[in-house]
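What follows is one structure encoded as structure tokens, with my remarks underneath.
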Amino acid sequence: MVASVREQIAAIQAEFKSRPEGLVRHVQRVLVEALDLADRYDLDCDRVTLAAWGHDLFRSFAPDQQIRLATEAGLSIEAADRADPVLLHGPIAAVTLRQRFGVIDDEALSAVRDHTLGAAHMPMIAKVILLADKFEKRKRDRTPVMKEIRRLAWRDLDMALLCWADWKWIEEREHGWQSHPAHWQARTTWVAEHHAELAMQLGEDPPTGS
Ligand SMILES: [Fe+2]
Ligand SMILES: [Fe+2]
């Protein structure tokens with residue numbers, strides 16, 4: 001028998017009994033933000049709750065476990081993932097939620113998979129989970145610019161994502177970190193779409209190439 005979304009959520013919550021307390025509290029804070037945005041954008045609360053509880057199911061696993069689980073799940077592992085295996089926790093969770101918890105909601109699964117790096121084209125629920133994950137209370141207290149991104153998300157999710165990507169880009173350059181290719185591809189698309197939208201508003205032809 002196929003489990004209902006609420007049963008899937010309960011099963012994931014039960015799994016969190018073996019996870020660190022700090023991670024559980026983070027997920028609870030993400031859920032608060034995600035449900036706030038779900039209300040604003042008229043999204044289904046159960047689907048958002050499912051994605052919020054699922055997103056960090058493997059966040060606390062050690063790097064060698066991330067590599068092992070990703071390999072077992074048949075995920076492609078980039079050099080950037082090997083350098084920082086925690087980046088695999090979303091994709092691992094998405095595969096596990098489908099295979100072990102019976103989640104068939106593709107949009108919720110993509111929210112889980114892409115919550116760390118983003119993706120070129122994301123359903124609303126994925127945008128909400130990514131942003132909620134970045135500006136939950138503890139993170140915005142630590143990184144005040146997240147308060148601005150949170151405010152922006154209330155009126156424009158795409159603009160908030162773009163601003164988060166800009167902040168991330170500056171962070172990575174300042175620290176001499178490489179941008180993950182998957183994130184860079186997403187960011188490039190977001191920037192191009194933003195410019196195309198601006199051009200349309202101005203009645204110009206959208207920019208081509210490069
Ligand atoms: Fe995460
Ligand atoms: Fe998270």
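Just so you know, ligand 1 is whichever comes first in the structure, and atom 1 is the first atom listed for that ligand. Not measured: the values here are computed from a predicted model.
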Report task. Using atom types as modelled and distance alone, determine if a side-chain donor or acceptor of E136 lies under 3.5 Å from a backbone N or O of R138. Result -> yes

Query raised in the report: Counting distance only, does the side-chain N/O of R155 pair as donor-acceptor with the main-chain N or O of M159 below 3.5 Å?
Result: no

**Report entry** Rounded distance [0.5 Å steps], CZ in F101 versus CD in E15
**Finding:** 4.0 Å

Query - Shortest-distance N, O or S atom of H89 relative to the Fe ion (ligand 1) - result: NE2

**Report entry** Within 6.0 angstrom of E172 CD, more than 12 heavy atoms from elsewhere
**Finding:** yes

Donor-acceptor contacts, no H, no angles, side chain residues 115-122, under 3.5 Å, sequence neighbours left out:
residue	atom	partner	partner atom	Å
H115	ND1	V112	O	2.8
H115	NE2	D56	OD1	3.1
H115	NE2	H89	NE2	3.0

Query raised in the report: Is a donor on one side and an acceptor on the other found under 3.5 Å between the side chain of Q185 and the backbone of A182?
Result: no

Report summary line: Report for the Fe ion (ligand 2), protein N, O or S closer than 2.8 Å, by chain and number, lists H26 NE2, H55 NE2, D56 OD2, D133 OD1

